Amino acid sequence: MGRDPRAGGWWTVTTAPHRAAPVGREELLARVERALHARGRALLTGPAGVGKTEVALAEAARAEARGETVLWLAPLPSDRDIPGAAAAALVASVAASVTVGVPSPGAPSPGILASGVFDELPGPQRTAVAMLCREAPIDAGGWDPIALRLGIARILRALTCRGPVLLVVDGVQHVDADSADLLRFALHLAPPALRVVSVETPEPYGEVHEPYREPHRPEDPHATHLWVPSEADVLLVPPLAADEIAELLIHHRLPSRMAGRIHRASGGNPRLALAVGRSLGDARTPVHHAEALTLSGRARDLARQLLGAAPAAVRETLLLAALALRPSATLVRRAGRPNAEADLAAAERAGLVSLAEDGSVTFTAGLLPSTLVHDACWAERSAGHAALAEVVDDPVEAVRHRALATDCPDEELAAEVAEAADLARRRGNSALAAELALLAAESTPGRHGGQRIARLVDAAEEAARAARADLAMRAATDLLARDAVPADRVRARLAVLDTAGQGLTGLDEMYVHAMEDSEGDTALRAAVQLRLAVKYVLADGDPQRSRTAAVESAALAASMGDPRTAAQALTVQARMERALGSPDADAVLAQARSLEMAERPLGIRNAAQILTIRHALFDDRLVEARDELNALLPLVQRRGSVEDAIELFRTLAEIESRIGPCAAALSHAGQSLALTLEAGLSPGPAWYALALAETAGGSFARAASYARRSVQASEEEGDRVFLSRSRYALGRVQLINGDVAAALETLRRVQADERAQSTVDPSMLRWHEELAEALLAHDAADEALALLAEVRPVAERLGRSTVLLGCDRAHAMCLASEGRTDEAAELLTRTAERFGRAGLPLERGRALIALARVERRRRRRSAAQSALQAAASVFERAGAAPWLALAGETPAGEGPGSGAGVEEALPALSALTEGELRLARLVCQGASNQEAAAKLYLSVKTVEARLTRIYQKLDVRSRAQLATALRP
C-alpha cells in the first residue's frame, strides 16, 4: 500500500512478502535485530549507494512477517524547506495503516482525521494535528506546539495498542527541523512496542542546510536526528567485499568475471558496482577484453555526483593524487599543492579517500580517480604528470610520468620506458611492467615501424604474463592494424588467448586467424595447436579432439627442437588420456616431465609437474600431493604468475577437503578466490574449491551457495569442465542435506555432462557413488545397482581402489534397503576400515554414519551409538565441523544422503524403504497424493501404491494413524 519507499514520501507495509537479506548483509541484519530488541532504536549510516535502504527494507519485511505494523517515512530533500512535512507524512501513514475499507470509485477520499486512531484525541490536540495536515486552517499564531507534540505522541501510543510497530525513517537528514522536534518528543514518550530504524546519509564536506539550524540551540550538531546518538545504536553499513560484489552481479545477471575489477572501481559500493557492471553490458565489450572497464553513462554520472560536491581546490588536489602511482599527502604537496593535507582531509571526511598514518592516499573507489583523469583536459593531465615527474623518488615512476606528460613520440624516451618495464619486471611488479611495455610501444615514433611492432609484441606478451587482458588487446589491436609479419600477428593473438582464462567462447575467429598466419611456421603452428587443445576441452567439452590437437602440437614442437612447447602439449595429452580412461596416461605424463627443463618453466599452471600432483589427488595419494605442493608454493609465490598461485591454492584446498585440516582448506580456497577476483578471472573454479572446503570444514549452507555461484559463473564463461565439477559439488551437498529430489536432478545433469564429454575415468569426478545414493533414496534401487555395476569394472581396470570403496558404501546401502542388513553392516565396517587405511578420514566418517543407520535398522542401538561416536572422533580430528554436527544429530534423525527427515524412534519404521519414509513424511505434513507425486517426481498411481504398502507395513488405515505412527 502506498508509494515505493525508495521514491520518497510515505509507505505502509501490511501484506508485503518476506524479503531475503541483501547480499552480504546477513550479519548486519542480525545486529539491527539485536539493537532493536535491546534498545528499540537503530541508526543505519553510510555513504550514498552503500545499501542502507535495502537493509531497512529487509528488516521491515521481517517485522511484517512477524505480524507487526510497519510505517515507512521517506522524506525528500525538498521536504527540509517545509515546516512539519515529515510529521504530517507520518500522521498520513498512520491513518493509512488503520483505515478500514476502500472508498468506492469516484467517492471523495476521507480525511486523515476520519481514521479511528484519532477519535480519542482531545480537542486541542486534534485541532493541532488537523492544522499540521492542512485539514484545518492554520491560526494566525500557528498550531499549538505543546498540543501537537502530545497529539502525535498519543497517536503513536494508540497505534501500538493494536500490536508492535516498526517505524522506518529513510533519509533522516531530510527531516525538517519542526518535524524533528515533534518526532523526538513523541518517540521519547513512545512505549517499547514502537521500535524505530532510521537511515542517514551524512552530508559531504560538513555542509549544514538552513532548515537544519534551530535558532534556540544552534550548538546541537544532532538537531535533525530523532534522538541523540547515545539513545540509539549507530550501525555503519560497510562496503561489500569482492566476493559479495561477485554474488551481487550474478543476482543481477551481470558478468561475475570482472568482480575484482568492479569491486575496486566501486569500492564495494553496491550502487556503483551495479552501474559499472551495466556499463560493461552497454558498451557490448567482450568480458575477457574488458579489464580496463568501459565506464560511461550511470557509472560516470554517479562518480561525478560524488566528486561534484567537492570544492574546486579539493578536486585539483585529488587529480594529482589520481595521476600518481603511489599518492601521498607529501608527494601531492611537493607537486604544487601547498594545502594538500587540508584538501585531502576534507576529501576523507566526504568519503572520497582514506589517509593512512604515513600520509599515503587511497581512493575509496577506483571509479573516482579514473573519472578525475577522464574529465581533466590534456593540459591539466600533462601538467600534473610533469610536476610529479620532478618530485617522485623512483626512477621507474619518473620515466612513466615523463612519458605521460608528452604526446609527441620520442625514440629516446621510448627506450627509457622499455628499460623501466624491464626493471619493473625484475622487481616482480608484472602489472606495472605490462603498462610500461605498452607505453614504450606507444611512445615509439612511426618512422621506427619495426621497433614499434617489436615492442607491441613484447607488450602483448608482458600483458599475458600479468593477466592484463585489456593491455594485451590494446597491443594486439595496434599491431594487427600495422604491416606486421605473420609471426608477430600470431604471437599477439596468442597473448590475447592466454589472458582469456576460462572464458574461451566467442574467440573462434581469433583461433582461425592464428591458424592461417601460422601456416608454414612449424613452431608457431605447434603453439596454436596447443591453445586449440585447451579450447577444445574447456569450451567445447571434447577431450578426444583436444587429445588429437595436443598430439599434433607435441610432434611439431619436437620436430623443431622446442622441448618446452612439446612438454606442455604432452601434458595436455596426458590430461585427456586420463579423462578418456587410457592406460597410456601415466607414460605420456612421464615423457612430459622428462622434457621439462631443469629450471622451472615460466608458468606451472599447465606444466607436467602440477598435473602429476593432480593425478596423485585423483588417486588419493593425498599426503604425497600435499607435500609436493607445499614445496612448490614458495617458488610460485616468488616467481610465478597469478594464475600459477591460484592453481596451487585451489589444488591444496581440494586435497585438504579430503584429508584435513579442513580449516586450512577454507583458508587456501579463500586465497584462491581473492587472487582470482584480483586478476579478473572467472570465479567459477575458486567458488568450486570453496564449495568443497565449506562442505568439509565450514557450513553445508555456504557450500551450497558457493556451488550455485560456481555453476552460474561456469555457465557464464562457457566452461564445460568446471560446470560439471560445480554441479557435482552442489548435488553432493544437496544429498547430504537430505534434499534428494534436487540432488537427483543435479547429479543426473552431471552424469549427462560427463557422458557428453566422453569422460571415462571415474576418479576425476566422483559423482557415481553420489548419484547411486540419490537414486536409492528416491526408491530407485535397481537403477542405483545398475550404475554401480557400470562403473565398478572401469574402476577395477584402471586400478582406482578408492573409487571402489565409494561404490562399496553405496552398495551396502542398497543391501540395507533390500533388508539384507547383516551383509550391509559387514560391508560398511570393512569399507570404513579401508577408508581409514587409505588416509581418507572424512570418507571413513561418512561410512561410519551409514553403518550407524544400518545398525539402528537392526535394532542394535549400542552398536549404532558406537559407530556414531567413532565418526564424531574422526571428524573432530580432521576439523570437519559440519560433519561433526551431523554425526551428533543423526541419532535423532537421518544421516547424510538419506533424504528422509523422519525419526526412526519406533522399530516398525525400519520396515520402510527410504522412498517410503520420504513419502510418509510428506503425507504427514499435509501433502495430497498429487502434491507428493509432484515433489517426488512420481506418478499419482505410484504414490497410491506406495501408500498402500506403507499402511500395510505399519498396520494403519488412515493418514491420521500414519501421523501417529511416525510421531517420535
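The structure displayed is predicted, hence computed values, not measured ones.
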Taking the side chain as C-beta and beyond, is there a heavy-atom pair between L331 and L320 under 4.5 Å? no

Of all residues at least two apart in sequence or in a different chain, which pass the side-chain contact (heavy atoms from CB on, under 4.5 Å) check with L236? T45

Close side-chain approach of T69 to R162, heavy-atom, < 4.5 Å: no

Give me the atom names and distance for the closest heavy-atom approach of G51 to V237. C-CG1, 4.4 Å

When you check the gap from the basic side-chain N to the acidic O, do E27 and R34 get nearer than 4.0 Å? yes

Show your reasoning for whether salt bridge (Lys or Arg N to Asp or Glu O under 4.0 Å) applies to D301 and R304. CA-CA 5 Å; D301 289 343; R304 289 182 182 118; 3.6 Å; yes

Atom CZ in R349, atom CG in L355: separation rounded to 0.5 Å? 10.0 Å

I'd like to check the side-chain contact (heavy atoms from CB on, under 4.5 Å) partners of A365; sequence neighbours left out, ordered by chain and number. L272, L368

Flag for S370-R300: side-chain donor and acceptor within less than 3.5 Å: yes

Distance col, row C161:SG vs L156:CG, nearest 0.5 angstrom, shows 11.0 Å

Considering only heavy atoms from C-beta outward, does the side chain of L166 approach that of L36 to under 4.5 Å? yes

Determine whether R271 and L302 make a side-chain contact, defined as any pair of heavy atoms from C-beta on separated by less than 4.5 Å. yes

Is the closest side-chain heavy-atom distance between L352 and L306 below 4.5 Å? yes

Ion pair present between R66 and E33, side-chain N to carboxylate O less than 4.0 angstrom? yes

Do the side chains of R149 and D181 get nearer than 4.5 Å, heavy atoms only? yes

Would you say the side chain of L29 lies within less than 4.5 Å of the side chain of R62, judging by non-hydrogen atoms? yes

Once rounded to the nearest 0.5 Å, what's the spacing between atom CZ of R80 and atom CG of L76? 10.5 Å

Spacing of CG belonging to L150 relative to CG belonging to L189, to within rounding of 0.5 Å: 7.5 Å

Within the 4.5 Å heavy-atom criterion, are K52 and P47 side-chain neighbours or not? no

So with a 6.0 Å cut-off around CD1 of I146, is the heavy-atom count from everything else above 12? no

